[in-house]
Amino acid sequence: MTTEPVLSVEDLSVRIAGLHILQGVSFTVAPTGVTVLLGRNGVGKTTTLRAVLGLTPTGGEVRGSIRMGAQTLLARPTHRLVRDGLGYVPEDRCVFAGLTVAENLRLAERRGTTPAYDKVFALFPELDRRGRQRAGSLSGGQQQMLAIGRVLLNDNRLLLVDEPTKGLAPKVVTEVAEVLERVAESVPVLLVEQNLAVVRRLARDAVVLAAGRVAWTGDARELLLETALTRSLLGVGSADGHHHEAAPAAAAREDGH
């Protein structure tokens, strides 16, 4: 089994609308398991994922090097990166609300490949049952399952997953974590997540951003054991559970079923 990183980011700099959001970010993603990207709100975690995918807004400036294996990603169009096996589950799910569950899944099928509906429906039987339901009428938890299922229809070399448990009820958070745990057995994941209980369960490696730079890299569990370190880097009072800057209680009560 190869030990070469599946993703290598070197000296990544991103400017958007005059703001220097990322300032020389460098890290690697292991070819197996979950690497988590951590940091306080607004430090550039989502910007990092979007830069990898070529989704920096028009007029933004991206410099540095991003490689998936031996392949250079910068300056390649997003649809080609996706076709080459880069899967993306965006923050806030971004399902097509006016389309049915089945139509959302069909749109995600890649040409020339056989979509893995059996795998997706084994992980998410509810998506099969709700195929004719409009995605906009699903609960937040069901929409998150759809967003993940959409990506899993196709073979991927790497999954980028942005805050999959944000605003979900505790029971649904557990379900999403269970699915990602199973997914990570077969494909590496670069995860942005603020719920430290989920991070503890899933992540092997951690990269912490602060002020647009990498402030810490290493073993995720080691980081969470260092209470003073997590407090200074992440703004949490303890390492025993949730990020204290999590979504408001009203969002957290969102029904997942």
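Worth saying up front: this structure is predicted, and the values here are computed from it rather than measured. Residues: numbered from 1 along the sequence shown.
Note that OH of Tyr88 is 6.5 Å distant from CG of Leu55, once rounded to the nearest 0.5 Å. The OG atom of Ser232 lies 11.5 Å from the CH2 atom of Trp216; values are rounded to the nearest 0.5 Å. Taken from CD in Glu175 to OG1 in Thr165, the straight-line distance is 12.5 Å, to the nearest 0.5 Å. For the atom pair Lys119 NZ and Leu153 CG, the distance stands at 8.5 Å (nearest 0.5 Å). Expressed to the nearest 0.5 Å, how far CG of Leu196 lies from CD of Glu193 amounts to 8.5 Å.
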Leu73 and Leu7: CA distance, side-chain angles, deciding distance, side-chain contact (heavy atoms from CB on, under 4.5 Å) verdict: CA-CA 10 Å; Leu73 303 192; Leu7 185 76; 4.0 Å; yes
Candidate pair Glu126 and Met145, rule side-chain contact (heavy atoms from CB on, under 4.5 Å), full reasoning: CA-CA 9 Å; Glu126 203 159 350; Met145 302 299 183; over 6 Å; no
Derivation of the side-chain contact (heavy atoms from CB on, under 4.5 Å) call for Gln194 and Asn41: CA-CA 9 Å; Gln194 300 223 46; Asn41 290 332; 2.5 Å; yes
Residue pair Val34, Leu180: steps toward the side-chain contact (heavy atoms from CB on, under 4.5 Å) verdict: CA-CA 9 Å; Val34 176; Leu180 289 174; over 6 Å; no
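Ile148 and Leu53 are not part of a single hydrophobic cluster, where members link through side-chain heavy atoms under 4.5 Å apart. One hydrophobic cluster holds both Val89 and Leu168 under the rule that ILVMFWY side chains link at heavy-atom gaps under 4.5 Å. Linking ILVMFWY residues whenever their side-chain heavy atoms come closer than 4.5 Å, directly or via other members, places Leu22 and Leu190 in the same cluster. At a threshold of 4.5 Å between side-chain heavy atoms, the hydrophobic network of Ile, Leu, Val, Met, Phe, Trp and Tyr places Leu74 and Leu160 in one connected group. Tracing side-chain contacts under 4.5 Å through hydrophobic residues (I, L, V, M, F, W, Y), one never reaches Val208 starting from Val192; they form parts of separate clusters.
Legend: ring-ring contact (aromatic ring centres under 6.0 Å, His included) pairs involving residues 114-167, not counting sequence neighbours, sorted by first then second residue: Tyr117-Phe121. Pairs passing the salt bridge (charged side-chain N to carboxylate O under 4.0 Å, His left out) check and including a residue from residues 136-163, sequence neighbours excluded, do not occur.
For the pair Val43 and Leu38, the minimum side-chain heavy-atom distance is 4.5 Å or more. Using a 4.5 Å cut-off on side-chain heavy atoms (C-beta onward), Val189 and Val36 make no contact. Counting heavy atoms from C-beta on, the side chains of Leu209 and Thr48 come closer than 4.5 Å. Considering only heavy atoms from C-beta on, Val161 stays 4.5 Å or farther from Val151 through its side chain. Between Val207 and Val214 the shortest side-chain heavy-atom distance falls below 4.5 Å. Residues Gln133 and Leu138 form a side-chain contact, since some pair of their non-hydrogen atoms from C-beta on lies under 4.5 Å apart. Looking at Pro164 and Leu191, their side chains come closer than 4.5 Å, going by heavy atoms from C-beta outward. Contact check for Arg76 versus Asp84: side-chain heavy atoms found under the 4.5 Å cut-off.
The two residues Val95 and Ala135 have their closest heavy-atom pair at CG2-CB, 4.0 Å. Across Arg221 and Ala203, no two heavy atoms sit closer than the pair NH1-O, 3.2 Å. Closest heavy-atom contact between Gly141 and Val172: CA-CG1, 3.6 Å. Counting all heavy atoms, side chain and backbone alike, Val101 lies closest to Leu127 at CG1-O, 3.6 Å. Between Ala30 and Asp205 the shortest heavy-atom distance is CB-OD2, 3.8 Å. Taking all atoms of both residues into account, the shortest heavy-atom contact from Arg204 to Thr32 is NH2-O, 2.7 Å.
Enclosure of atom CZ in Arg201 by more than 12 non-hydrogen atoms of other residues, nucleotides or ligands within 6.0 angstrom is indicated. For Arg63, the CZ atom sits in a loose shell: 12 or fewer heavy atoms of surrounding residues, nucleotides or ligands are nearer than 6.0 Å.
No donor-acceptor distance shorter than 3.5 angstrom exists from the side chain of Glu226 to the backbone of Ala228, with no hydrogens or angles considered. A donor-acceptor pair under 3.5 Å is formed between the side chain of Asp219 and the backbone N or O of Glu222. Using modelled atom types, no side-chain atom of His79 and backbone atom of Leu81 make a donor-acceptor pair closer than 3.5 Å. Remark: side-chain polar atoms of Asn154 are paired, donor with acceptor, to backbone N or O of Ala108 under 3.5 angstrom. No donor-acceptor pair closer than 3.5 Å links the side chain of Arg67 to the backbone N or O of Ser8. Judged by distance alone, with hydrogens and angles left aside, the side-chain atoms of Thr113 form no donor-acceptor pair with the main-chain N or O of Glu109 at under 3.5 Å. Looking at Arg93, its side chain never comes within 3.5 Å of a backbone N or O of Leu146 through a donor-acceptor pair. Side chain of Ser13 to backbone of Gly24: no donor-acceptor contact under 3.5 angstrom is found.
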